[in-house]
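Residue indices begin at 1 and follow the sequence shown. For the numbers below, each heavy atom of this structure counts, side chains included, while hydrogens, waters and symmetry mates do not.
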Amino acid sequence: MKKLRLLIIAFMFAGLFISCMSIKEIPLEKTSAQIIQMGQDASTSGYYKSAIFCFNTAIDRYGTDPNVFAEAKYELAHIFIKQKKYEEAYDIIMELQNIYDYYPTVLPPAYKKLANIALSKIPDKKLSEIQKKKALEATVVEDETIKLETNNQNRSQTIIEEASEEEIDEYDESYDDSYEESEELIEE
């Protein structure tokens with residue numbers, strides 16, 4: 001009977017602990033440091049969903065502060081690496097690295113080094129696969145952009161070709177008239 005009671009008490013405490021780490025709402029009065037600490041505590045305990053929620057909340061509320069932005073992004077990448085969600089981690093790390101490349105003084109320098117360390121934790125094979133996939137996606141986007149530009153040029157050419165000579169003459173005359181009016185105003 002004692003063992004049963006101890007077992008029930010242990011489950012109650014475990015349930016209480018789990019419910020404490022299941023974060024669904026963060027009070028508005030929490031500071032960025034408090035929210036990030038909540039996320040780190042949840043991450044350390046393996047409650048990644050709650051940790052991700054905390055870090056995204058920190059970014060939503062305080063993301064205009066470069067320190068908060070960089071720290072929360074790094075923490076998200078770190079969680080994704082723990083979860084073996086390497087592509088998500090890679091995307092975040094590349095986002096941070098791109099910011100460092102284009103605006104080197106905007107973010108705290110420590111997170112550039114941490115981002116590089118996090119990138120090195122992605123297994124080489126996975127990293128290579130992700131980089132190939134991203135390169136292919138970039139090529140597809142570039143190809144689609146070229147197609148759209150070509151289609152727009154073709155449409156413009158078609159419109160010009162279909163315009164009657166009379167419409168072109170009318171446009172030229174109105175342009176000449178407005179040009180002459182402009183010259184007259186300048187002379188006055």
Side-chain angles (χ1 to χ4, degrees), residues 7-145 148:
L7 189 60
I8 291 172
I9 291 171
F11 277 119
M12 287 174 46
F13 278 114
L16 180 62
F17 181 74
I18 290 171
S19 68
C20 289
M21 293 310 292
S22 179
I23 301 168
K24 293 180 177 41
E25 189 176 320
I26 299 173
L28 290 174
E29 66 272 2
K30 293 286 185 189
T31 66
S32 61
Q34 290 171 322
I35 296 170
I36 286 176
Q37 185 61 54
M38 289 169 65
Q40 289 169 337
D41 292 344
S43 177
T44 300
S45 300
Y47 297 99
Y48 299 129
K49 189 174 180 180
S50 292
I52 291 168
F53 176 74
C54 289
F55 297 130
N56 282 328
T57 300
I59 292 167
D60 290 344
R61 292 185 190 174
Y62 303 102
T64 56
D65 178 335
N67 293 304
V68 174
F69 179 83
E71 185 174 6
K73 284 290 189 176
Y74 166 75
E75 292 289 352
L76 286 168
H78 186 69
I79 287 171
F80 290 136
I81 288 171
K82 284 182 179 178
Q83 293 180 314
K84 298 185 180 186
K85 294 180 178 179
Y86 298 121
E87 190 168 342
E88 289 91 335
Y90 178 85
D91 289 343
I92 291 170
I93 293 166
M94 290 297 101
E95 178 182 8
L96 286 172
Q97 285 186 344
N98 286 335
I99 293 170
Y100 280 111
D101 289 346
Y102 292 105
Y103 309 102
T105 59
V106 171
L107 299 178
Y111 289 101
K112 181 175 185 176
K113 186 173 185 174
L114 289 170
N116 288 330
I117 292 169
L119 187 62
S120 72
K121 291 182 179 181
I122 298 175
D124 291 338
K125 184 178 178 184
K126 284 288 186 185
L127 183 60
S128 178
E129 289 172 8
I130 292 167
Q131 289 171 332
K132 285 177 185 175
K133 179 181 176 186
K134 297 296 178 182
L136 180 62
E137 288 172 357
T139 303
V140 169
V141 168
E142 188 176 320
D143 288 348
E144 289 301 314
T145 302
L148 286 172

Measure the [atom1]-[atom2] distance between [X] and [Y] for me, rounded to the nearest 0.5 Å.
X      : Y      : atom1 : atom2 : answer
Leu136 : Gln131 : CG    : CD    : 13.5 Å
Thr57  : Ile36  : OG1   : CD1   : 11.0 Å
Gln34  : Ile26  : CD    : CD1   : 10.5 Å

Do you know which two heavy atoms are closest between [X] and [Y], and how far apart they sit?
X     : Y     : answer
Phe69 : Gly63 : CB-O, 3.5 Å
Asp65 : Asn67 : OD1-N, 2.8 Å
Ala58 : Ala72 : CB-CB, 4.5 Å
Phe53 : Lys24 : CZ-O, 3.3 Å
Pro27 : Arg61 : O-NH1, 2.9 Å

Check whether any side-chain heavy atom of [X] lies under 4.5 Å from a side-chain heavy atom of [Y], and answer yes or no.
X      : Y     : value
Tyr47  : Ile23 : no
Lys133 : Glu87 : yes
Val68  : Ile59 : no

* Would you sort out whether Tyr86 and Leu127 count as a side chain to side chain contact (heavy atoms under 4.5 Å, CB included), showing the intermediate values? => CA-CA 8 Å; Tyr86 298 121; Leu127 183 60; over 6 Å; no
* Asked: Who pairs with Lys121 by salt bridge (charged side-chain N to carboxylate O under 4.0 Å, His left out), at least two apart in sequence or on another chain?
  ->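 Checked Lys121 against salt bridge (charged side-chain N to carboxylate O under 4.0 Å, His left out); zero matches.
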* Asked: Can you name the salt bridge (charged side-chain N to carboxylate O under 4.0 Å, His left out) partners of Asp91, sequence neighbours left out?
  ->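 Asp91 satisfies salt bridge (charged side-chain N to carboxylate O under 4.0 Å, His left out) with Lys134 once adjacent residues are dropped.
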* Asked: Is a side-chain N or O of Ser128 found less than 3.5 angstrom from the main chain of Asp124, in a donor-acceptor match?
  ->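 Between the backbone of Asp124 and the side chain of Ser128 there is no qualifying donor-acceptor contact (under 3.5 Å).
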* Asked: Do side-chain atoms of Ser43 reach the backbone of Gln40 as a donor and acceptor pair under 3.5 angstrom?
  ->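 Side chain of Ser43 to backbone of Gln40: no pair is present.
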Could you go through residues 92-113 and list every donor-acceptor pair under 3.5 Å that involves a side-chain atom there, pairing it with any protein atom two or more places apart or in another chain?
{"unit_1": "Glu95", "atom_1": "OE1", "unit_2": "Lys73", "atom_2": "NZ", "d": "3.1"}
{"unit_1": "Gln97", "atom_1": "NE2", "unit_2": "Asn116", "atom_2": "OD1", "d": "2.3"}
{"unit_1": "Asn98", "atom_1": "ND2", "unit_2": "Met94", "atom_2": "O", "d": "3.2"}
{"unit_1": "Tyr100", "atom_1": "OH", "unit_2": "Pro108", "atom_2": "O", "d": "2.2"}
{"unit_1": "Tyr100", "atom_1": "OH", "unit_2": "Lys112", "atom_2": "N", "d": "3.2"}

